[in-house]
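Notes follow once the structure below has been shown.
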Amino acid sequence: MEAVDVVEHDRQGDYGDEGGGHAVQCDRGPPGWGSGGRSRAMVASRRLAVRRRLSLPAMRLSQLFFTTLRDDPSEAEMPSHRLLLRAGYVRQLGSGIYSLLPLGKRVNDRVEQVIREEQDRIGGQEMEMPVVHPADVWRASGRYDAIGPELGRFKDRNGRDMVLAMTHEEVVALLLADVVRSHRQLPMQVYHFQTKWRDEPRARGGLIRVREFVMKDAYSCDRDDAGLDASYWAQHGAYVRTFQRLGLDTIAVASDVGMMGGSQAHEFMVLNAAGEDVLVLCEACDYAANRQVAVIPREEPAAEEALPLEEVATPGTTTIASLAAFLEIGPERTAKAAFFVTGDGRLVTAIVRGDLEVNETKLVNAVSAVGGIRPATVEEIKAAGMEPGYGSPIGAHETVVVIDDLIARSPNLVAGANREGVHYRNVNAGRDYTADVTADLTNAQEGDPCPTCGAPVILRNGIEVGNIFKLGTKYSDAAGATYLGEDGQAHPIVMGSYGIGVGRNTACIVEAHHDAKGIIWPVEVAPYAAHLVSIGAAREPRVTEVAERLHSLAAEAGSRREILWDDRDESPGVKFTDAELLGMPWILTVSPRSLAAGGIEVTERATGDRSTRPITEVEDFLVSGVMPERDEAATASA
RNA sequence: CGGGGCGUGGCGCAGUCUGGUAGCGCACCAGUCUGGGGGACUGGUGGUCGUCGGUUCAAAUCCGGCCGCCCCGACCA
């Protein structure tokens with residue numbers, strides 16, 4: 001009944017043309033879709049569905065739910081945040097929580113559509129899984145306890161624990177257990193677009209890092225590792241095409257598997273100074289890795305005889321820099337201790353050479369820290385018999401000692417004596433203290449040798465716009481998702497998971513495509529292809545006539561282009577400024593001047609190129625979708 | 001969670017130090033003029049100054065609690 005009302009509403013008021021047009025179109029619709037034998041309500045909801053899909057191909061700015069802001073909102077710093085707010089695409093509801101206004105929704109839909117087409121192309125099947133899950137589903141995989149407060153939890157009315165999904169591996173695995181029986185059903189990929197809730201410790205950067213967001217997450221299901229490998233690289237290819245179409249230059253970097261678990265992962269990164277990840281890149285070859293996993297080949301320390309331990313007074317040298325200066329040695333001759341506490345309460349003492357930094361991701365992996373790690377407090381360090389500023393594992397107790405593999409090979413280092421103002425010379429791991437774990441623990445630094453070719457690497461910040469993971473059988477094992485192979489035996493389904501954050505991509509597109517005046521949407525994701533500006537309607541009635549005609553043409557069935565018509569009674573300056581802020585690829589100006597010059601002024605937003613085209617050419621553009629090449633003769637007077 | 005900043009009409013801000021009952025620009029409404037780069041004039045609308053409590057004759061202003069937002073560090077699409 002409600003649907004009927006909406007359709008009725010279409011027939012009157014300002015949207016008369018467009019609404020009516022759609023209704024007529026769907027009545028004619030594809031064979032079998034007509035009204036034969038169907039109730040009026042069903043027909044009406046069909047119409048509504050069609051209208052929703054077309055989503056107002058022509059819109060009057062005077063009716064659009066939006067507003068532009070003349071001043072930058074003070075909370076916005078990144079260009080994408082500022083512009084999306086100012087141009088009326090999004091509004092903030094809370095920290096990391098945003099509403100999409102109609103323009104923002106249209107962009108998001110376009111981005112989704114590109115992703116969808118590329119997922120479909122590699123055989124992905126779209127489905128949809130719930131946002132709210134019973135906690136038991138997450139207990140079964142172990143993540144209910146493994147993941148910290150970023151997992152949203154609540155109780156339903158009966159006191160049952162529930163989870164707000166941050167991803168969907170568990171649910172997919174359960175569905176696989178239910179649906180897949182035979183190897184003949186594999187390989188297979190499913191995906192959906194769904195809202196995720198991740199209670200991030202800190203939201204930031206507008207749409208770049210939010211707490212609630214829509215993600216495309218895809219899951220591949222294979223019989224074995226070889227199949228997974230094929231699916232993984234198919235997704236890799238789909239991602240390359242997707243980001244290319246979205247106008248994003250991405251770099252695929254090897255990455256940590258994080259909370260997903262699994263054996264191999266890549267992140268697709270967009271370079272951006274405000275990015276939260278540090279990428280290690282080689283310009284000589286194409287090596288690219290997240291700093292979290294980049295392993296740098298370190299120069300082998302010179303072999304030396306282990307010398308006897310020797311105490312040395314080093315007053316006031318609580319930093320490596322001051323210690324090295326005091327003893328007149330290089331920082332690489334010292335061992336640095338860093339103290340952390342794991343989520344499960346273990347004190348971890350990490351030892352790296354003084355000239356290097358501890359990479360916390362590597363450390364977490366080295367000690368299999370459940371719930372991550374945090375820096376230890378002074379009290380915690382002292383309780384284990386160590387002295388901050390003069391700390392080392394020598395004489396320490398109740399701590400997990402993790403040393404960098406380079407430390408294991410570096411003889412006669414200077415390290416703390418766990419007494420204020422005292423260090424030891426000639427400390428040797430293994431002789432003077434024992435390591436519980438030896439692993440690569442250090443951060444790559446600018447200029448370090450490339451692991452592949454040895455040239456100096458560079459460090460850049462990046463924003464992760466997508467990732468691909470080889471999961472293996474972790475979730476299928478937990479869910480009992482198996483198939484019967486040709487051998488008649490049950491085998492676990494081998495899974496992969498592949499995510500793309502929709503809103504973050506939108507923000508990154510703006511980051512990459514804007515200028516001082518506003519957004520410059522790539523054609524593929526622009527909410528409307530063209531922004532029609534009508535000027536001087538009061539002096540020249542033909543202006544409105546022409547604008548109306550273009551507007552209704554765009555609204556008609558069969559038109560390939562969608563337009564936004566600025567029909568407001570505003571001065572030309574306001575209209576042009578807003579058009580540039582909003583960022584449609586083409587700005588079409590109808591005015592007494594343009595009509596006198598022979599038609600409509602067409603401006604390409606990206607280049608600023610301007611030409612006057614005959615009205616028929618612009619009409620062709622709306623119908624065919626192609627803007628004809630610029631005709632120099634017609635341009636002369638512009 | 002640690003550090004820094006902020007909260008006054010839709011947006012940007014002043015006023016807070018030195019208490020005296022709220023102001024500016026833009027936006028918005030009405031009208032007139034204007035009409036190719038955020039135009040002009042006239043007249044208007046709109047704020048329990050984040051919130052709760054305290055001090056005081058009197059609190060946006062001083063004191064305390066709480067809430068929220070932004071930025072910098074530990075997590076991820």
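Naming: A, B, ... by sequence-line order, numbering from 1 per chain.
- One donor-acceptor pair, N or O on each side, does fall under 3.5 Å between the base of B/C76 and the side chain of A/Asp277.
- Separating the CD atom of A/Glu540 from the P atom of B/G36 is a distance of 13 Å, rounded to the nearest angstrom.
- A donor-acceptor contact shorter than 3.5 Å links the side chain of A/Arg346 to the backbone of A/Val367.
- A/Asn443 places none of its side-chain heavy atoms less than 4.5 Å from the side chain of A/Val358.
- The C1' atoms of B/G31 and B/C24 are separated by 25 Å, rounded to the nearest whole Å.
- Atom P of nucleotide B/C69 and atom CD of A/Glu77 are separated by 16 Å, given to the nearest angstrom.
- Distance A/Asn461 CG to B/C72 C1': 13 Å, rounded to the nearest Å.
- Using atom C1' as the reference point in both B/G46 and B/C41, the two lie 22 Å apart (nearest Å).
- Once the 5.5 Å centre distance and the 30° plane angle are applied, the aromatic ring of A/Phe576 is found not to be stacked with the base of B/G36.
- Residue A/Gly501 is in base contact, counting any heavy-atom pair closer than 4.0 Å across all strands shown.
- Counting to the nearest Å, the C1' atom of B/A74 and the CZ atom of A/Arg291 are 14 Å from each other.
- Side-chain contact of A/Asn467 with A/Glu267: a donor-acceptor pair under 3.5 Å is absent, judged by distance alone.
- When the side-chain nitrogen and oxygen atoms of A/Ser74 are compared with OP1 and OP2 of B/G12, one or more of them lie within a distance under 4.0 Å.
- Screening residues 589-612 of chain A for ring pair (Phe, Tyr, Trp, His ring centres under 6.0 Å), with sequence neighbours left out, gives no hits.
- Across the strands present, B/C1 finds its partner in B/G73; the criterion is a Watson-Crick or G-U wobble pair with both atom distances under 3.5 angstrom.
- Within the nucleic acid shown, A/Glu276 comes within 4.0 Å of at least one base atom, counting heavy atoms only.
- Of all non-hydrogen atoms in A/Lys216 and A/Gln119, the two that sit nearest each other are NZ-NE2, 3.5 Å.
- Across all strands shown, nothing is found opposite B/G47 as a Watson-Crick or G-U wobble partner with both distances under 3.5 Å.
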Protein N or O to nucleotides 24-27 of chain B N or O, pairs below 3.5 Å:
from  : atom 1 : to      : atom 2 : distance (Å)
B/G25 : N2     : A/Asp71 : OD2    : 3.2
B/C26 : O2'    : A/Arg70 : NE     : 3.2
B/A27 : OP1    : A/Arg70 : NH2    : 3.1

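- Nucleic acid contact class of A/Gly205 (heavy atoms, under 4.0 Å, all strands): sugar-phosphate only.
- Residue A/Asn290 is out of contact with every strand shown, counting any heavy-atom pair closer than 4.0 Å.
- Across all strands shown, A/Ser95 has heavy atoms under 4.0 Å from sugar-phosphate atoms exclusively, and none from any base.
- Between the C1' atom of B/A77 and the CD1 atom of A/Ile509 lies a distance of 14 Å, rounded to the nearest Å.
- Among the protein residues, A/Arg86 comes within range of the nucleic acid bases, having at least one heavy atom under 4.0 Å from a base atom.
- Residue A/Arg610 places a side-chain atom within donor-acceptor reach of the base of B/G37, judged by atom type and a 3.5 Å distance cut-off alone.
- A/Gly503 comes within 4.0 angstrom of no nucleic acid atom, judged by non-hydrogen atoms across all strands.
- Figure legend. B/G9 is base-paired to no nucleotide; pairs are counted as Watson-Crick or G-U wobble with both atom distances under 3.5 Å.
- The partner of B/G19 cannot be assigned: no Watson-Crick or G-U wobble pair with both contacts below 3.5 Å exists in any strand.
- Between A/Gln92 and B/C70, a side-chain N or O to OP1/OP2 separation shorter than 4.0 Å is present.
- Regarding A/Leu69, its CG atom lies at a distance of 13 Å from the C1' atom of B/C28, rounded to whole Å.
- Atom C1' of B/C69 sits at a distance of 24 Å from the matching atom of B/G23, rounded to the whole Å.
- Counting any heavy atom pair closer than 4.0 Å across all strands shown, A/Ala265 reaches no nucleic acid atom.
- Residue contacts for A/Asp72: at a heavy-atom cut-off of 4.0 Å it reaches the sugar-phosphate backbone alone, with no base atom in range.
- B/G2 atom P lies 12 Å from atom CZ of A/Arg374, rounded to whole Å.
- Under the rule for a salt bridge (Lys or Arg N to Asp or Glu O under 4.0 Å), the partners of A/Arg605 that lie at least two apart in sequence or sit in another chain are A/Asp515.
- Contact detail for A/Ile251 and A/Ala288: the closest heavy-atom pair is CG2-CB, 3.8 Å.
- Across all strands shown, A/Val210 has heavy atoms under 4.0 Å from base atoms, whether or not it also approaches the sugar-phosphate.
- No engagement by A/Ile463 is indicated, since no non-hydrogen atom pair under 4.0 Å with the nucleic acid exists.
- Residue-to-nucleotide contacts include no donor-acceptor pair under 3.5 Å from the side chain of A/Arg202 to the base of B/G4.
- Cation-pi check for A/Arg106 over A/Tyr89 is not met; the charged atom does not lie both under 6.0 angstrom from the ring centroid and within 45 degrees of its normal.
- Between B/U45 and B/C71, the distance separating the two C1' atoms is 36 Å to the nearest Å.
- When distances are taken from the side chain of A/Val574 to each of B/C72, B/G38, B/C76, the shortest belongs to B/G38.
- Using a cutoff of 4.0 Å between basic side-chain nitrogens and carboxylate oxygens, A/Arg211 and A/Glu200 are not scored as salt-bridged.
- Atom CD in A/Glu75 sits about 11 Å away from atom P in B/C69, given to the nearest Å.
- No donor-acceptor distance shorter than 3.5 angstrom exists from the side chain of A/Asn461 to the backbone of A/Asn272, with no hydrogens or angles considered.
- If you check B/A27 for Watson-Crick or wobble pairing at under 3.5 angstrom, you find it has no partner at all.
- B/U61 and B/G65 have their P atoms separated by 15 Å, with the value rounded to a whole Å.
- Base contact: A/Pro201 has a heavy atom under 4.0 Å from a base atom.
- Comparing the P positions of B/C52 and B/C67 gives a spacing of 15 Å, expressed to the nearest Å.
- Across all strands shown, B/G64 pairs with B/C52; the Watson-Crick or G-U wobble distances both stay below 3.5 Å.
- With both ends at atom C1', the span from B/G2 to B/U16 equals 28 Å, rounded to whole Å.
- Seen from the ring of A/Tyr232, A/Lys470 counts as a face-on cation partner, given the 6.0 Å and 45° thresholds.
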